[in-house]
Colleague: 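Okay, here's the structure, questions in a sec.
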Amino acid sequence: MSTPSPVNPAVPAASEATSPSALRELSPGTLREWVAEHEDLVVIDVRSAAEFESLHIHGSYNVPLPLLSEHTDELAARLGSRVVLACQSGVRAEQARQKLAASGIGAAHVLTGGVPGYAAVGGDVVRGGGRWDLERQVRMAAGSLVLVGLAGGRFVSPRIRTLAGVIGTGLTFSAATNTCAMGRALSAMPWNRAAQEPTRESAILTLPTAYAGVGDAEARRQADVA
């Protein structure tokens with residue numbers, strides 16, 4: 001009689017393999033269980049440093065998406081098999097997952113509902129000063145520009161209506177390519193900058209390696225409490 005192969009909890013069951021989302025997404029409730037059960041878990045928050053300061057998962061690491069994109073191979077070399085990527089809604093985390101997958105990290109999970117979703121199910125989070133998240137700022141900026149274009153076209157010059165068309169085209173392109181030029185531009189604004197922006201040295205090189213993840217991850221959690 002053959003001995004059943006051991007089950008790797010980081011790999012979905014065979015019944016899930018046919019669903020791409022099952023390989024990539026992780027619910028907030030499941031993440032709560034993983035945090036309690038697995039010391040080798042590494043949660044990477046790819047939002048801006050300012051968003052991270054406002055609200056983040058206890059024990060998570062802040063590696064903003066632009067920094068991750070610049071040092072993807074170096075980051076991938078430090079990660080083990082139990083990695084969860086988080087952002088505000090899941091969009092930036094999915095972009096990060098695709099970049100890591102291209103560097104050989106195919107088992108990274110994307111937190112559905114983002115950090116707010118994790119907080120909503122009672123997950124352990126750290127709260128800072130109130131600040132609008134980047135995605136909310138994008139919606140406000142886009143909506144305001146469309147209103148300006150429509151009002152200006154009616155009361156000033158019909159040509160100003162072009163602004164609304166440009167914004168609509170930009171949003172359509174953003175959805176089709178899963179990118180956001182307006183978000184990148186807003187992230188560089190002074191109000192979206194933290195006192196200490198993450199760097200390669202302060203963010204990536206402080207991540208636990210695949211060989212020393214348990215001890216380093218626990219030390220990071222203790223530091224977050226302090």
Colleague: If you take all heavy atoms of V115 and A86, which pair is closest and at what distance?
Modeller: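 For V115 versus A86, the nearest heavy atoms are CG2-CB, 4.1 Å.
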Colleague: List the steps and the verdict of side-chain contact (heavy atoms from CB on, under 4.5 Å) for V84 and Y118.
Modeller: CA-CA 12 Å; V84 177; Y118 184 73; over 6 Å; no
Colleague: Who passes side chain to side chain donor-acceptor pair (under 3.5 Å) against R200, sequence neighbours left out?
Modeller: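 Result, side chain to side chain donor-acceptor pair (under 3.5 Å) vs R200: E74.
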Colleague: What's the spacing between R97 CZ and L85 CG if we round to 0.5 Å?
Modeller: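 R97 CZ to L85 CG: 8.5 Å, rounded to 0.5 Å.
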Colleague: I need the R92 CZ to S48 OG distance, nearest 0.5 Å.
Modeller: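 Reported value, rounded in 0.5 Å steps: 6.5 Å.
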Colleague: Does any part of the side chain of L41, heavy atoms only, come nearer than 4.5 Å to the side chain of L31, both counted from C-beta?
Modeller: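 In contact.
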Colleague: Spell out, yes or no, whether V46 and V42 are grouped together once hydrophobic residues are joined by side-chain heavy atoms under 4.5 Å, including indirect joins.
Modeller: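 Yes, V46 and V42 fall within the same hydrophobic cluster.
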Colleague: For H56 and F52, take the angle between the two ring planes, folded into 0 to 90°, and tell me which bin it lands in: parallel under 30, tilted 30 to 60, perpendicular over 60.
Modeller: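 H56 and F52: parallel rings.
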Colleague: Would you check, one step at a time, whether the test side-chain contact (heavy atoms from CB on, under 4.5 Å) holds for L111 with V43?
Modeller: CA-CA 9 Å; L111 178 62; V43 179; over 6 Å; no
Colleague: Tell me every residue that passes side chain to side chain contact (heavy atoms under 4.5 Å, CB included) with T72, counting only those two or more places apart in sequence or in another chain.
Modeller: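 By the side chain to side chain contact (heavy atoms under 4.5 Å, CB included) rule, T72 matches L68, K99, L100, S103.
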Colleague: Spell out, as yes or no, whether a donor-acceptor pair under 3.5 Å connects the side chain of R78 to the backbone of I204.
Modeller: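 Side chain of R78 to backbone of I204, a donor-acceptor pair under 3.5 Å: yes, one is there.
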Colleague: Any chance you could measure S81, atom OG, to H38, atom NE2, to the nearest 0.5 Å?
Modeller: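 Answer rounded to 0.5 Å: 10.0 Å.
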Colleague: In chain order, what residues pass the side chain to side chain contact (heavy atoms under 4.5 Å, CB included) check against V121, with sequence neighbours excluded?
Modeller: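 For V121 the side chain to side chain contact (heavy atoms under 4.5 Å, CB included) partners, ignoring immediate neighbours, are P28, R32.
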Colleague: In Å and rounded to the nearest 0.5 Å, what is the NE2 to CZ distance from H109 to R24?
Modeller: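 Answer rounded to 0.5 Å: 11.5 Å.
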Colleague: Following the transitive rule for hydrophobic clusters with a side-chain heavy-atom cut-off under 4.5 Å over Ile, Leu, Val, Met, Phe, Trp and Tyr, establish whether L205 and L207 coincide in one cluster.
Modeller: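 No, L205 and L207 fall in different hydrophobic clusters.
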Colleague: Quick one: pull up CG in L65 and CD in E94 and give me the separation to the nearest 0.5 Å.
Modeller: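 Reported value, rounded in 0.5 Å steps: 11.0 Å.
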Colleague: Between P116 and Q88, what is the shortest heavy-atom contact and its length?
Modeller: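 So the two residues come closest at CG-NE2, 3.1 Å.
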Colleague: Would you check if the side chain of D45 reaches a backbone N or O of N62 as a donor-acceptor pair within less than 3.5 Å?
Modeller: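 No, D45 side chain to N62 backbone: no donor-acceptor pair under 3.5 Å.
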Colleague: Counting N and O atoms only, with roles assigned by atom type, does the side chain of T112 sit under 3.5 Å from a partner on the main chain of L26, one being a donor and the other an acceptor?
Modeller: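 Checked: pair present.
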Colleague: Indicate if L75 and V83 have the same hydrophobic cluster label, given that clusters are the connected sets of ILVMFWY residues with side-chain heavy-atom separations under 4.5 angstrom.
Modeller: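 Yes; V83 is reachable from L75 via cluster members.
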Colleague: Taking all non-hydrogen atoms of both residues into account, name the closest pair between L67 and A203 and its distance.
Modeller: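 Here L67 and A203 meet closest at CD2-CB, 3.9 Å.
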Colleague: What distance separates D73 CG from I105 CD1, expressed to the nearest 0.5 Å?
Modeller: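 Here the interatomic distance stands at 10.0 Å.
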Colleague: In terms of hydrophobic clustering (I, L, V, M, F, W, Y; side-chain heavy atoms under 4.5 Å; direct or indirect links), are V110 and V91 co-clustered?
Modeller: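 Cluster IDs for V110 and V91 differ.
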Colleague: I'd like to know if the side chain of S202 reaches the main chain of P198, judged simply by a donor and an acceptor atom lying under 3.5 Å from each other, with no hydrogens or angles considered.
Modeller: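 It does not hold such a pair.
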